[in-house]
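Down below is the structure, laid out as structure tokens.
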Amino acid sequence: MTDKRGTTLVNHWQKGVPVNRGPVLTSGFLVFAVIAAVGLLIAALRVVSPLGPFSAMNDAYAWGIWKTFNVMTLTALGSGPLALGIAAWVFNRKKLHVVMRTALVSGFLFYMTSLFALGFDVGRPWNFYSAAMPWRWNIESPMLQLCICEPLYIALFLAFELVPLFLERLYYTGNEKSRAFLRHFSPVIRKFYPFVIVGAYVIPLIQQSSLGALLLLAGNKINPLWQSPVMPLLYLIAAGLCGVSFTIFLLLIVCLRYSRPLDAGILNELAIILAGLCFVFLAIQFADLLWRRQLPTVFAFDSMSLIFLTETLLILLPAMALLGKRARQTPRTLLNMSALACLGGMSYRFIPTSIAYRPQNSTPYFPSVPELMMALGYLSLGMVLFLLAVNYFAVLPGEASTWDHTFRPMGWKHKALDSNKSPRLVLERGA
């Protein structure tokens, strides 16, 4: 963010723009808002009512979709800052700083939504303050580390990385005194950035791998196609896979909605990273299956085998497709492949906790309608907050060089620019 003298107020590496044209309350926004409202209403009723009418859980499936989706899946969707941040800072992929704000905002909101959902799920959200009191910790609980890491990551590290968005809005909407104060205060923030960056990656690395480690406690209750000693590593890679693919998906959809151009080089970089994560995930997974002599089980073609093969195809197809330069430079293909990869990563995070979880002599579990509505409500809440953030803060990429195709998910229209201008196409929402 720069002032009139061209000096950077907070950082030199992130540039974004708000969307300040067109109505905020669009039909899509209202659909998400209604679903979120219904889900939150049911969640509120569940807190003050018995659990039975709201859930299909039983003694064998004591977590249900509330934990398996809200904790395992929503935090995976919010892992964009982790994956892109490591690529940008550790592997020096400087281009990705342009889209880091989109990843940071989506990551913060979906992590926050997950934590918010957890507050309803435990049934006594008013007892959350105990997490800040070490003398009340249950040090024998495998959930303790998760209970500490997730709130710490959201409240300290992600929130700090989002400070520039709020300061920018205050800077450009405030008076000269506020701008002078921010110019004086911003060097203090910059001094803390290196320390925040370290914590912003160490904490989620611990948290995401711990989710996989937690499932190791289930032992043979989880089908051997998924239950593995490398599950903590695979859960971490799946989180990065979901984070990158979901960031690509959001960039394409939101920039289509607001007719914002995107840089083809950055999309190409993101697509290469996504393909690499898919291949690494599959290589480790099948090497582990080979080591544990479970490859025949993969091709047994029973119900679990077919589910596993479907999950594998959801990850393999995008990886193969995105090897081609043409696919990476075609937004419609990139949109569809990122959606498939995201679905595959989410499936891996969800299936071992529910579908492949088979306690002996137990009754089957399938989420009830209220459970499904609450899960959809939390997801929709994250989308509503993201759309609001896009409209009122500088979230979307602020610079673009070329944007090679206008697109829609199932087709696109071409709109040529003036021949004297740069060879760029503008995203078009028309039918």
Side-chain angles (χ1 to χ4, degrees), residues 61 63 65 68-69 72-74 76-77 79 83 208-209 211-212 214-216 218-246 248-249 271 273-324 327 333-360 362 364-367 372 375 409:
Y61 291 88
W63 275 3
I65 193 175
T68 60
F69 180 81
M72 301 293 187
T73 306
L74 285 182
L77 290 182
S79 295
Q208 292 295 344
S209 60
L211 289 173
L214 179 64
L215 296 183
L216 295 178
N220 59 10
K221 293 180 181 180
I222 296 178
N223 188 281
L225 288 175
W226 287 269
Q227 182 61 282
S228 163
V230 298
M231 187 176 285
L233 177 60
L234 288 175
Y235 252 62
L236 177 60
I237 299 173
L241 190 158
C242 288
V244 174
S245 57
F246 190 58
I248 296 173
F249 184 83
I273 293 173
L274 176 58
L277 286 171
C278 290
F279 279 123
V280 169
F281 176 87
L282 292 175
I284 295 175
Q285 186 178 44
F286 275 85
D288 171 69
L289 289 169
L290 180 63
W291 177 263
R292 294 188 293 112
R293 300 179 181 180
Q294 292 294 332
L295 280 181
T297 311
V298 174
F299 302 101
F301 297 107
D302 55 12
S303 59
M304 288 293 104
S305 170
L306 292 176
I307 292 174
F308 180 86
L309 290 173
T310 301
E311 173 197 293
T312 301
L313 284 175
L314 288 173
I315 299 175
L316 180 61
L317 288 177
M320 296 295 294
L322 295 177
L323 287 178
T333 303
L334 184 54
L335 175 73
N336 293 332
M337 292 302 102
S338 64
L340 286 180
C342 188
L343 184 60
M346 292 168 62
S347 297
Y348 177 77
R349 302 268 298 198
F350 179 77
I351 288 172
T353 63
S354 300
I355 300 173
Y357 180 73
R358 287 289 185 270
Q360 295 179 351
S362 66
Y365 164 78
F366 188 83
L372 292 173

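Positions are given from 1 along the sequence.
When every heavy atom of L274 is checked against every heavy atom of A341, the shortest pair comes out as CD1-CB, 4.0 Å. Here the closest heavy-atom approach between residue A319 and residue F279 is recorded as O-CE1, 3.4 Å. In this structure, L334 and A271 approach most closely via the heavy-atom pair CD1-CB, 3.7 Å. The nearest pair of heavy atoms linking L215 to Q227 is O-NE2, 3.1 Å. Minimum interatomic distance between A375 and I65 (heavy atoms only, all atoms of both residues): CB-CD1, 4.3 Å. Shortest non-hydrogen contact noted between C242 and G345 is SG-C, 3.3 Å.
Take Y357 and apply the ring-ring contact (aromatic ring centres under 6.0 Å, His included) test, not counting sequence neighbours, and it matches Y61. Applying the side chain to side chain donor-acceptor pair (under 3.5 Å) criterion to S79, with sequence neighbours excluded, gives Q208. The ring-ring contact (aromatic ring centres under 6.0 Å, His included) test applied to F281 returns Y348, not counting sequence neighbours.
Distance check: T297 OG1 to N223 CG gives 7.5 Å after rounding to the nearest 0.5 Å. Note: L306 CG to F299 CZ = 11.5 Å, rounded to the nearest 0.5 Å. For the atom pair L211 CG and L236 CG, the distance stands at 10.0 Å (nearest 0.5 Å). I351 CD1 to M304 CE: the interatomic distance, rounded to the nearest 0.5 Å, is 8.0 Å. Rounding to the nearest 0.5 Å gives a distance of 13.5 Å between CG of L241 and CZ of F246. Here I273 contributes atom CD1 and C278 contributes atom SG; the two are 12.0 Å apart, rounded to the nearest 0.5 Å.
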For the pair F301 and L309, evaluate side chain to side chain contact (heavy atoms under 4.5 Å, CB included) and give the outcome as yes or no after the intermediate values.
-> CA-CA 9 Å; F301 297 107; L309 290 173; 3.9 Å; yes
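Each side-chain hydrogen bond (donor to acceptor under 3.5 Å, both in side chains) pair with one or both residues in residues 273-288, not counting sequence neighbours, appears once here: S228-D288, D288-R292. Residue pairs meeting the side-chain hydrogen bond (donor to acceptor under 3.5 Å, both in side chains) criterion with at least one member in residues 234-244: none, sequence neighbours excluded. Applying the side-chain hydrogen bond (donor to acceptor under 3.5 Å, both in side chains) rule to pairs touching residues 301-324 yields W226-E311, sequence neighbours excluded.
Tested against I315 for a side-chain contact (heavy atoms from CB on, under 4.5 Å), the candidates L277, L282, L340, L343 yield a single pass: L282.
A heavy-atom distance below 4.5 Å is found between the side chains of F286 and L295. Within the 4.5 Å cutoff, no side-chain heavy atoms of L216 are placed close to those of P229. Side-chain contact between L77 and M346 is present, with heavy atoms from C-beta onward closer than 4.5 Å. Between T68 and R349 there is no side-chain heavy-atom pair separated by less than 4.5 Å.
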